[in-house]
Student: 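The following block contains the structure, expressed as structure tokens.
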Amino acid sequence: MIKISNVSKWYGSFQVLTDCTTHIEKGEVVVVCGPSGSGKSTLIKTVNALEPIQKGDIVVNGVSIADPKTNLPKLRSHVGMVFQHFELFPHLSVTENLTLAQIKVLGRNKDDALKRGLKMLDRVGLSAHKDKFPGQLSGGQQQRVAIARALSMDPIVMLFDEPTSALDPEMVGEVLDVMVQLANEGMTMMCVTHEMGFARKVSHRVIFMDQGRIIEDCTKQEFFGSPEARSPRAKEFLSKILQH
Ligand SMILES: Nc1ncnc2c1ncn2[C@@H]1O[C@H](COP(=O)(O)OP(=O)(O)OP(=O)(O)O)[C@@H](O)[C@H]1O
């Protein structure tokens with residue numbers, strides 16, 4: 001489904017990603033973790049070419065992002081992305097937020113877009129809020145609308161970049177519940193998150209990054225179950241998070 005091969009990236013002279021190689025199969029949930037600044041967000045943003053790469057390739061569903069002939073807006077329309085900050089349009093109602101890209105990018109008619117959007121809004125438990133504006137919703141509700149908006153586009157994969165880290169603690173659970181539900185329904189997911197409870201509960205694999213490199217790429221059982229077999233940097237990270 002997604003093949004990341006020998007990806008390197010620089011910001012000016014600073015190398016942010018070094019020779020990253022991994023893959024995500026259909027229906028797999030992969031959690032990307034690691035210390036702050038290790039390149040997790042940058043890596044996930046390269047998957048839909050929001051961040052360009054200078055070396056290597058990423059193939060999404062058979063389409064190479066490095067191929068100059070690739071239609072990147074079309075590729076992005078199949079890849080759902082949910083960010084730390086919800087990035088809903090503040091001047092549009094929830095319904096308008098849900099339908100805009102379906103109409104403009106996928107060319108759906110208004111009725112079909114509305115039907116699909118409301119179905120996804122129901123899936124995240126927010127049907128009653130369809131006519132509100134983002135500012136009238138809590139952070140957790142806004143993030144659930146952002147997830148519903150991404151799902152309305154019928155994505156083949158969902159990318160999550162720290163979707164709960166800007167939320168008050170009591171709202172984290174409601175967003176994670178939606179993500180757990182999606183994972184259980186078989187959605188292919190790549191998630192940058194510090195929520196190790198989520199990683200332990202639903203992920204299939206864990207990628208651990210440090211200084212722009214993928215240091216560990218293993219099953220969650222290997223990652224959490226046998227910390228003694230991990231690299232020194234991952235061991236240190238695990239010992240910190242497992243204290244709590
Ligand atoms: N647009 C940019 N220009 C220059 N440097 C950048 C840019 N974006 C990120 N960086 C740097 O690249 C490195 C990796 O950043 P990135 O956000 O990918 O890390 P991260 O692992 O997701 O961190 P965090 O967990 O703190 O969000 C950091 O040193 C960061 O300062």
Side-chain angles (χ1 to χ4, degrees), residues 2-24 29-58 60 65-66 72 76 79-87 139-140 142-143 146-147 150 157-169 171-172 175-176 179 189-203 205-218 220 223-224 227 230-244:
I2 297 176
K3 211 167 174 315
I4 298 175
S5 308
N6 307 104
V7 164
S8 294
K9 175 179 174 67
W10 287 259
Y11 287 120
S13 60
F14 171 65
Q15 185 160 10
V16 60
L17 297 176
T18 304
D19 208 21
C20 294
T21 296
T22 189
H23 59 94
I24 298 167
V29 177
V30 174
V31 161
V32 183
C33 63
S36 181
S38 55
K40 308 178 296 291
S41 294
T42 305
L43 180 69
I44 202 167
K45 285 182 193 146
T46 62
V47 172
N48 62 356
L50 275 183
E51 287 287 358
I53 57 174
Q54 283 83 40
K55 254 192 178 171
D57 195 11
I58 300 178
V60 180
I65 63 154
L72 289 178
R76 285 191 196 111
V79 178
M81 178 113 199
V82 176
F83 299 91
Q84 181 174 359
H85 298 285
F86 332 119
E87 308 203 359
Q142 288 186 53
Q143 195 57 302
I147 295 172
V157 56
M158 287 283 286
L159 308 177
F160 291 89
D161 187 10
E162 301 194 26
T164 58
S165 50
L167 297 175
D168 289 342
M171 290 169 195
V172 170
V175 172
L176 289 178
M179 291 171 64
M189 294 164 61
M190 182 174 184
C191 315
V192 173
T193 182
H194 297 291
E195 298 291 338
M196 290 300 116
F198 171 81
R200 281 180 142 166
K201 198 165 164 184
V202 299
S203 77
R205 282 196 1 259
V206 176
I207 290 173
F208 176 81
M209 294 186 69
D210 188 35
Q211 296 184 1
R213 291 177 189 270
I214 294 178
I215 304 285
E216 303 273 353
D217 185 350
C218 55
K220 75 167 169 200
F223 191 73
F224 294 110
R230 310 275 61 87
S231 61
R233 197 66 188 87
K235 233 187 264 184
E236 189 189 330
F237 178 81
L238 276 166
S239 75
K240 277 187 198 144
I241 56 166
L242 296 178
Q243 275 171 10
H244 304 292

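Counting convention: from 1, in listed order, for ligands and their atoms alike. The model shown is predicted, which means the values in this text are computed figures rather than measured ones.
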Student: Report the nearest protein non-hydrogen atom to atom 25 (O) of ligand 1: residue, atom name, distance rounded to 0.1 Å.
Tutor: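 Checked against all protein heavy atoms, atom 25 (O) of ligand 1 sits closest to K40 NZ, 2.7 Å.
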Student: Please find the pair of heavy atoms, one from V175 and one from G140, that lie closest to each other, and give the distance.
Tutor: CG2-O, 3.7 Å
Student: How many angstroms lie between OG in S41 and CG in L50, if you round to the nearest 0.5 Å?
Tutor: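 Interatomic distance, S41 OG to L50 CG, rounded to 0.5 Å: 11.5 Å.
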Student: Which bit of M209 gets closer than 4.0 Å to ligand 1, counting heavy atoms only: side chain, backbone, both or neither?
Tutor: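 Neither part.
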Student: Using only heavy-atom distances, determine whether the side chains of S239 and E236 contain a donor-acceptor pair under 3.5 Å.
Tutor: no
Student: Quiz question for you: does at least one protein heavy atom lie closer than 4.0 Å to atom 2 (C) of ligand 1?
Tutor: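 Yes, there is one.
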Student: Got the closest protein heavy atom to atom 19 (O) of ligand 1, with its distance?
Tutor: G39 N, 3.3 Å
Student: Look at atom 26 (O) of ligand 1 and say which protein heavy atom is nearest, naming residue and atom and giving the distance to 0.1 Å.
Tutor: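 Here the nearest protein heavy atom works out to S36 OG, 2.6 Å.
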Student: Could you report the tightest heavy-atom contact between I44 and M190, atom names first, then the distance?
Tutor: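 Residues I44 and M190, closest heavy atoms: CD1-O, 3.3 Å.
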Student: For atom 5 (N) of ligand 1, what is the closest protein heavy atom, and at what distance to 0.1 Å?
Tutor: Y11 CD1, 3.3 Å
Student: Classify the side-chain pair D217/T22 by whether it contains a donor and acceptor separated by less than 3.5 Å.
Tutor: yes
Student: Indicate, as side chain, backbone, both or neither, the part of V16 found under 4.0 angstrom from ligand 1 when only non-hydrogen atoms are considered.
Tutor: side chain
Student: Inspect the contact between R213 and D19 and indicate whether a charged nitrogen and a carboxylate oxygen are less than 4.0 angstrom apart.
Tutor: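 The answer is no: the pair does not qualify as a salt bridge.
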Student: Looking at atom 23 (O) of ligand 1, what's its closest protein heavy atom, distance included?
Tutor: G37 N, 2.8 Å
Student: Counting neighbours of CD on Q211 that are heavy atoms of other residues, nucleotides or ligands and sit closer than 6.0 Å, is the number greater than 12?
Tutor: no
Student: Consider ligand 1: state whether an atom of it lies below 4.0 angstrom from any non-hydrogen atom of E162.
Tutor: yes
Student: Under the criterion side chain to side chain donor-acceptor pair (under 3.5 Å), I'd like the reasoning laid out for E216 against S231: C-alpha separation, chi angles, the key distance, then a yes or no.
Tutor: CA-CA 8 Å; E216 303 273 353; S231 61; 3.0 Å; yes
Student: Quick one: which ligand 1 atoms are inside 4.0 Å of a heavy atom on T42?
Tutor: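 Those of ligand 1 that fall under 4.0 Å from T42 are 15 (O), 16 (P), 18 (O).
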Student: Can you list the ligand 1 atoms lying under 4.0 Å from a non-hydrogen atom of S38?
Tutor: 19 (O), 20 (P), 21 (O)
Student: Hey, what do you get for CE (M81) to CZ (F160), rounding to the nearest 0.5 Å?
Tutor: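 Taking CE in M81 and CZ in F160, the distance rounds to 10.0 Å.
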Student: What protein heavy atom lies closest to atom 17 (O) of ligand 1? Include the residue and the distance to one decimal.
Tutor: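 Protein heavy atom with the smallest distance to atom 17 (O) of ligand 1: S41 CB, 3.7 Å.
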Student: Looking only at distances, can you tell me whether any N or O atom of F14, backbone or side chain, sits closer than 3.5 Å to an N or O atom of ligand 1?
Tutor: no
Student: Does ligand 1 have an atom that lies less than 4.0 angstrom from a heavy atom of P35?
Tutor: yes
